J.: 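Take a look at this one; I'll ask things after.
Each chain gets a letter, A, B and so on, in the order the sequences are listed, and its residues count up from 1. These numbers come from a predicted model, not from an experiment.
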Amino acid sequence: MASSRRQYPFHLIEPKWQQAWDAQQTFRAWNPGEVLADGHPFAKRHGLSGKVTATQLPKKFYILDMFPYPSGAGLHVGHPEGYTATDILARYRRACGFNVLHPMGWDSFGLPAEQYAVKTGQHPRKTTEANIANFTRQIKSLGFSYDWSREVATTDVTYFKWTQWIFLKLYNSWFNPETNRAEPIETLEYPKELRLISDWNQLIYESAPGEILSKEQENDFKKEFQEDWNRNREKLRREFRDSKRLAYVSEAPVNWCPELGTVLANEEVIDGKSEVGGFPVIRKPMRQWMLRITAYAEKLLADLDTIDWSDSLKEMQRNWIGRSEGAEVDFQIADCQLPIADSKIRVFTTRPDTLFGATYMVLAPEHRLVDVITTEEQLSAVENYCEHTARKSDLERTELAKEKTGVWTGAYAINPVNGEKIPIWIADYVLASYGTGAIMAVPAHDERDFEFAKKFSLPIIQVVQPPDAKTDWQGFCENGTSVNSGFLDGLPTAEAKKKITAWLEEKALGQKTINYKLRDWLFSRQRYWGEPFPIVWKVGPDGESYHEALPESALPVLPPTLEDYKPTASGEPPLARAKEWLNEVPGAVRETNTMPQWAGSCWYYLRYLDAKNAGTFVGKDAEHYWMKSGGDKPGVDLYVGGTEHAVLHLFYARFWHKVLFDLDLVSTAEPFFKLVNQGLILGEDGQKMSKSRGNVVNPDDILKEFGADAFRLYEMFMGPLEMSKPWSTKGVEGVYRFLGRVWRLFVDEKSETAFEQAETTAETQSRGELLDLILLDGAITDAAATPAQLKALHACIKKVTEDLDGMRFNTAISAMMVFINEAMTWQNKPVTVLKPFLQLLAPFAPHLAEELWARLHSTFGQIAPSLSYAPWPKFDPAQLIESEIELPVQVNGKFRDTIKVPVDADNTTIEVAAKASEKVQTFLSGKTVKKVIIVPKRMVNLIVG
RNA sequence: GCCGGUGUGGCGAAAUGGCAGACGCACAGGACUUAAAAUCCUGGGACCUUAAACAGUCGUGUGGGUUCGAGUCCCACCACCGGCACCA
C-alpha cells in the first residue's frame, strides 16, 4: 500500500516530537501546592517558579475524554475522533493562557477479560495490562497532549480502593427528605420504639405514664428493657437503618443467563438474549445490592437546567427519570371482610379528572392483593393467568402488547366519587413496578384501557369533551372539558385535576403524587473482574444473616486468586470459589458479588485531579481548584464522548457526584458543565463499522501511511464533530496533501531531494539526524509583510479562532487550506506571517508545526519558545479593512451583477453605481425603478415594475 | 406510537435572511517526465442556446406561507438515522 512517495518525513518528525514532549513533560498540569519544574514552559509562560498557590495559577480549564475500555481489538477510528477534538481544544486553551487539565485513563474492569479468563485460565489482570499497553501505544502515537502523570486505571488497587471507599460512603449514608440531601447514617432518627436508651426517664415515662417508680422498680425496668433490647431491638434498629441506606440489599429479579452462568446487566441483554453469544436470558429473583438513585430523581432532573448539554441528551435523561405528576386514589374493595390495610386498592393516575369515567380496575398480576381478593369461582382462571405471565420475559410481555390479555378476579371495588361498583381485573399491561401496580381504567380516555375494554366488553363512559366538537371522544386522551363528572362538569382538564385532587385530599381518599419511571440502580454483578464489595455477612442470634460494612482500614478489599473464573454450579458468583478468602474476616463471610463496570467510571474524573493521592480519593485543594474556584465554569469545562453513554454512565456519575456533594466531599452539584457527543464514524460504505461487514478501519494502518497529523486533521475535516459521517481513506489523502503543501511552503526542495536520497542509503539509527539535511526555503525572510499577506493571515486567525471557540474544526481547517493555497503563490514569505500561521496549525497538526516552528527560529538565530505555550495570535481587524468592496446587485430579488464601491459609499452613490451596471441595465430597460433596498456593506436590490 | 436529529453537486461538506455549493475527495483537460507516480495549472450543479463563450431558465427532500429577498423563518407532509416504548 505505502508505495507512493511521502509528502513529508512525518515518520521521523512525529516520533521526534512525541519523545521531546515526553522528556520535557510539556503537558504536565500543575496543582495548587505543587513545585513547578525548573524551566518548564508553563512556568516560563506565566512567570511562575517554585511552589504555586491556587491564586498564582492561571485559570483552569478541565477538558476530559470519556476514558476507553481497553479491549483486545485495540483502538478503532471512532476513539480518536473525540480525543482529537479535545486535544485541539486543550492545546488551544494552553496557548490562550489557561492551566489545562487533559488526562487519560482506563475503564479496565469488564466482561471480555473475564470471559477470556474463563476460557483460557489467564488472569484478567494480565489480559487487561496487555490491552492497556496496546491502547497506550496507539494513543501516544497520535500525539495527544495528555498529562500522563495522572493516568488512572479502574483496575489499579490504588484506584479501586477509593471506589470501595465511596461505596462505604453510600452504604453509610441515607437520604434525609427534610434536608433534601444525603447525610451520614448517624443522623438517622429512629421511630420511637427503636430509639436508643439515651434517656431512661423518657422511656420509663413512655412505658408507664403517670406512675412514679421506686429505685428498685426502676432497676428492674432497666434490666428487663435491656434484655428485651438485646433480644429484639438491635435487630429491628439494624433493619430500619439498612432500609434507609443509599446502598441496600433487595431481592430483585435479574437477568440470569444459564448458558453463560452469570447475571447480565439490562444493557447486556438484547431482545431477550445475551449480547455475547445470543443465549436465552431468564428473569430470576436473587439477592442484590441496590443504590438508592431514586432519592435523587428530582435533583437529577432539576439540575439538568444548570448544565450546558445538548437538548436531545437532556431529553433522554428526562425521559429516563420519567417524572409524572398525578394523584394516588384509594378504591375501597366491595363487600370486604379484610383488615383495613388490605381493604383498599391504591392506584396512581395522571388524570384524576377522569375519575368519574373509571369503569373497572386493573391490578398487575404480581400485585399483593391478587391472592386476597380473587373469588372462589375465578381462582383457577386467575392462578392460570398469573402463572402464564410469570413465565413470560419482559420482552414477550411487550411484544405481545398488541393483543391485550387479562382475567376478572371476581371482586369489585367502589369508585370513591360516585359509589359505583366496578369490577377488578388483572392484566399484564399493568406493570407491578410502576406507580402502585394498580390502575383505575378509564377506557373512554386512555388508549390501553380503551383497547382492553373493547376486547372484554367493559363499559365506556365519556367524561372528557374534546375542544373540537368534531373529534371523537372515544379514545380521546388529551385535555378537554369535563362532562358526566358531577361537580367537575364544565371545567377544563387542568382545573378539573386541581379540584378533584383537593376534594380527594379533603376526604382522605387520595393525594397529589409525583411518580418516576426511574428505578433504583441494581449495583451487583456475579462476576470475578470487578471491585469486591467491602461488605461481610454475619449471622445474628436468631440465625438470620445480616450485612456489615468493613472499616475503612480494611480497604482495599482485593479479589482472591482463582484457578477457575466460572460461577459455581449452583449459580453463585466466582468469588464464592475462594474458600479461604471468603472466611478471612473472623466470624463473618465476605460478600461474593462484585460491582458493575459503571462503578469505576462514576468518579474517575475526580481521581485525575489528584491521581497519586494515597491519603484520600481526591485532595480538597486540588478538587476545589479544578472543579470550582480555578476557572469560569464549575466542574469539567468540556466532556466529550459517544452517545452510547447518554443515559447510563452520565446518569450514574451525576448521582454519585451529588451524593459526594451532599456529604461535603466535592464542591459542585454537577460534575460535567459542558458535554458534547461526537458522532459515529461509519464505514466507507456508509454502514456502521463492524467486523462482520468487513468495513473496519484500523488507525495503525492509516498512521503508518499518512502519519498522525494527517489522521488527526482528517478526523476533524470530515464534518461537524457531532454528526455521524462515513470514513474515506481518499479524504485522508486530501488533508495529507495539504500538510505536504504546508511542508513545501517552508522547505527548500533541493535539500529535501538530497535528504531523500541520503535516507534510502542510511542506517536506521541515524535517520533522525538526516532531518538536518533539510533546509528552509530561501524565500522565507524577515522582510516586512505586504498588506495582502497580512490580510490572508488575519482572515485566517479570525476564522480559526472563532471556529475553535465554536468547535467547528472542519471549517477552521478549510480556512487554513485557503491560507496555504494563497501563500503558495508568494515569492517572498515573511517569517512574521509564517510563525503565527504555524501557531494556528499547531493544535491540529502539532508535530509538523513544532518541527517547522523550531526550524524557523533556528534559521533566524533564535531559540524557539515552546510552541505549546506560545501566546495565541491576536486577530487585528485593521488588517482586513479594504477601501473598496464588492456588492451584489439584485433586480427584483434576483442576482444580476456585482459592483465595486468605496467601503464608506453612501446610498446614493451605491444606487447610481448599481443602475450604471451594464448587466443590470438590460433588466431595467423599459421599466421604472419603484424601490431601492440597500443593506449597507451587504447588497443592493432594485425593485422594478 | 412518542421524543430528538438530519435531508444541499458523483461523494464528505460550506453558507449572521442577502452572489448556493467555500474547502476537500473523485473526475476531466493541460504542464513537467522517455514513461508513470508525485507535483503544478485549468475546468466543472442541471437544463437550454452556442463552433465556443456570453446571456437565459431551473436548482438546497415535498407542498404551501412570510419577506424586496428563504438552504436559512413559519405551517403541513415525506424519507433516513438515533433514543424510548403498555410508565396509567
J.: Before accepting this row, confirm whether a basic side-chain N of the pair A:Arg318/A:Asp311 lies closer than 4.0 Å to the acidic partner's carboxylate O.
T.: no
J.: If the sugar-phosphate is the primed atoms plus P, OP1 and OP2 and the base is the rest, what is the B/S/- string for nucleotides 53-60 of chain B, using protein heavy atoms under 4.0 Å?
T.: --SSSS--
J.: Scan A:Ser310 against the nucleic acid and name what it touches under 4.0 Å (heavy atoms): base, sugar-phosphate only, or nothing.
T.: nothing
J.: Would you kindly say whether A:Asp897 and A:Ser917 are connected by a side-chain donor-acceptor distance under 3.5 Å?
T.: yes
J.: Listing time: all N or O pairs from protein to nucleotides 42-50 of chain B that are below 3.5 Å?
T.:
none

J.: So what's B:C77 paired with, Watson-Crick or G-U wobble, going by both distances under 3.5 Å?
T.: B:G61
J.: Assign A:Lys517 to base, sugar-phosphate, or nothing according to its heavy-atom contacts below 4.0 angstrom with the strands shown.
T.: base
J.: So does A:Glu911 pair up with A:Lys915, basic N to acidic O under 4.0 Å?
T.: yes
J.: Quick test of your reading of the model: are A:Arg6 and A:Glu756 salt-bridged, counting only N-O distances below 4.0 Å?
T.: no
J.: In terms of the angle between their ring planes, are A:Tyr736 and A:Tyr8 parallel, tilted or perpendicular, with boundaries placed at 30° and 60°?
T.: tilted
J.: Pick base, sugar-phosphate or nothing for A:Ser814, based on heavy-atom distances below 4.0 Å to the nucleic acid.
T.: base
J.: What does the list of N/O pairs under 3.5 Å between the protein and nucleotides 13-16 of chain B look like, with a distance for each?
T.:
residue	atom	partner	partner atom	Å
B:A14	OP1	A:Asn810	ND2	2.9
B:U16	O4	A:Arg938	NE	3.2

J.: Under 4.0 Å between any heavy atoms, over every strand shown, what does A:Thr349 touch: base, sugar-phosphate, or nothing? Just pick one.
T.: sugar-phosphate
J.: Regarding A:Gln890, tell me which of base, sugar-phosphate or nothing describes its non-hydrogen contacts under 4.0 Å with the strands shown.
T.: base
J.: Quick one: on RNA chain B, does A:Glu886 or A:Gly893 contact a more 5' nucleotide (nearest heavy atom)?
T.: A:Glu886
J.: Mind calculating the distance between CD (A:Glu684) and P (B:A26) to the nearest angstrom?
T.: 11 Å
J.: Please verify the inter-ring angle class for A:Phe456 with A:Trp425; under 30° counts as parallel, over 60° as perpendicular, anything in between as tilted.
T.: tilted
